[in-house]
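Note that this is a predicted model, so its numbers are computed, not measured.
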Amino acid sequence: QVQFVESGGGLVQPGGSLRLSCAVSGVIFRFYAMAWYRQAPGKQRELVATIRNGGITNYEDSVKGRFTISRDNAKSTAFLQMNSLKPEDTAVYYCNGISPNRLDSWGKGTLVTVSS
C-alpha cells in the first residue's frame with residue numbers, strides 16, 4: 001500500500017546537476033517527514049538529507065551547500081536537487097521516511113553515476 005517511486009537519475013559529468021523526484025503513495029504525505037538515502041557500491045545505505053513537517057532540513061556534511069531537499073505536498077512528491085556533483089556521489093538514491101517512521105518497503109531507487 002505504501003510506495004516510494006524514485007526517478008531522475010542518470011549519468012552526469014563531475015560538476016553537473018541532477019534533480020531527483022520521489023512520488024509517494026499510501027501515507028498522508030503532509031504528516032510525513034521525508035528523507036533521501038543513498039547506497040554506493042560496497043557500502044551501507046546512508047542518510048543524505050531530511051525535510052520535516054515544519055520545513056526544517058538537515059544534510060549530511062558531504063553534501064551541504066550542494067544538495068537541496070524539498071517537497072510539494074499537493075503532489076505528494078519529494079525532490080532532491082543535486083549540484084556540483086562529485087564522483088563520490090555515485091550511488092543508488094532512495095527516498096523513505098525518517099526513523100522511527102522509516103518503512104521497510106523501499107523503492108527500487110534511482111541510479112546516479114558521476115563520471116567522465
Side-chain angles (χ1 to χ4, degrees):
Q1 187 171 3
V2 180
Q3 190 173 22
F4 304 101
V5 181
E6 301 92 345
S7 62
L11 175 63
V12 64
Q13 295 188 162
S17 297
L18 286 173
R19 178 176 161 91
L20 307 184
S21 297
C22 171
V24 183
S25 61
V27 301
I28 304 175
F29 186 75
R30 63 187 173 92
F31 292 158
Y32 207 70
M34 290 296 300
W36 283 94
Y37 305 80
R38 67 185 179 186
Q39 186 169 26
K43 296 185 178 180
Q44 296 185 102
R45 183 182 285 121
E46 67 173 351
L47 182 64
V48 176
T50 64
I51 182 165
R52 297 186 178 270
N53 292 338
I56 297 173
T57 58
N58 289 99
Y59 299 91
E60 198 276 327
D61 286 343
S62 68
V63 308
K64 284 183 178 178
R66 300 188 298 120
F67 290 11
T68 302
I69 187 171
S70 62
R71 65 158 74 206
D72 185 339
N73 286 345
K75 297 181 178 180
S76 296
T77 303
F79 304 94
L80 186 68
Q81 178 67 46
M82 306 187 297
N83 299 324
S84 301
L85 284 161
K86 304 175 180 180
E88 51 263 44
D89 295 319
T90 296
V92 178
Y93 284 72
Y94 302 88
C95 60
N96 208 319
I98 302 171
S99 182
N101 295 318
R102 189 185 70 197
L103 302 179
D104 192 49
S105 57
W106 294 91
K108 295 180 179 179
T110 186
L111 176 62
V112 173
T113 302
V114 185
S115 177
S116 299

Can you find a heavy atom in the side chain of [X] that is under 4.5 Å from one in the side chain of [Y]?
X: S115; Y: P87; answer: no
X: T57; Y: Y59; answer: yes
X: F79; Y: D72; answer: yes
X: Y32; Y: N96; answer: yes
X: V92; Y: T110; answer: no
X: S76; Y: S25; answer: no
X: L80; Y: M82; answer: yes
X: L11; Y: V112; answer: no

Closest heavy-atom contact between [X] and [Y]?
X: S17; Y: V12; value: N-CG2, 3.9 Å
X: L103; Y: V2; value: CD1-CG1, 3.1 Å
X: G97; Y: F4; value: N-CZ, 4.2 Å
X: L47; Y: A35; value: CD1-CB, 3.6 Å
X: C95; Y: M34; value: CB-CE, 4.1 Å

Give, for atom [atom1] of [X] and atom [atom2] of [Y], the distance between the pair rounded to the nearest 0.5 Å.
X: Q13; Y: T113; atom1: CD; atom2: OG1; value: 13.0 Å
X: K108; Y: S7; atom1: NZ; atom2: OG; value: 13.0 Å
X: T90; Y: L111; atom1: OG1; atom2: CG; value: 8.0 Å
X: I51; Y: I69; atom1: CD1; atom2: CD1; value: 5.5 Å
X: T68; Y: N83; atom1: OG1; atom2: CG; value: 6.5 Å
X: E46; Y: W36; atom1: CD; atom2: CH2; value: 14.5 Å

*Does Y94 have R38 sitting over its ring (NZ/CZ under 6.0 Å from centre, angle to axis within 45°)?*
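The answer is no; the distance or angle limit is not met.
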_With ring-ring contact (aromatic ring centres under 6.0 Å, His included) as the criterion, how do Y37 and W106 come out once you've worked through the C-alpha distance, each side chain's angles and the decisive distance to 0.1 Å?_
CA-CA 10 Å; Y37 305 80; W106 294 91; 5.1 Å; yes
*Does a side-chain N-to-carboxylate-O contact under 4.0 Å join K86 and D89?*
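Judged by the 4.0 Å cut-off on N to carboxylate O distance, K86 and D89 do not form a salt bridge.
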*Please answer: with hydrophobic residues joined when any side-chain heavy atoms are less than 4.5 Å apart, are I98 and Y93 in the same cluster?*
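Cluster IDs for I98 and Y93 differ.
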Within the distance-only criterion (no hydrogens, no angle test), does the side chain of [X] pair as donor or acceptor with the backbone N or O of [Y] below 3.5 angstrom?
X: R71; Y: G55; answer: no
X: E60; Y: V48; answer: no
X: R45; Y: Q39; answer: no

*With sequence neighbours left out, write down each residue that passes salt bridge (Lys or Arg N to Asp or Glu O under 4.0 Å) with K43, or none if nothing qualifies.*
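Per chain and number, K43 pairs via salt bridge (Lys or Arg N to Asp or Glu O under 4.0 Å) with no residue.
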_Neighbour count >12 (heavy atoms, 6.0 Å) for atom CD, E88_ =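 Buried by this count: over 12 neighbours within 6.0 Å.
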*According to the salt bridge (charged side-chain N to carboxylate O under 4.0 Å, His left out) rule, which pairs have a member within residues 20-34, sequence neighbours left out?*
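Output for this query is empty, none listed.
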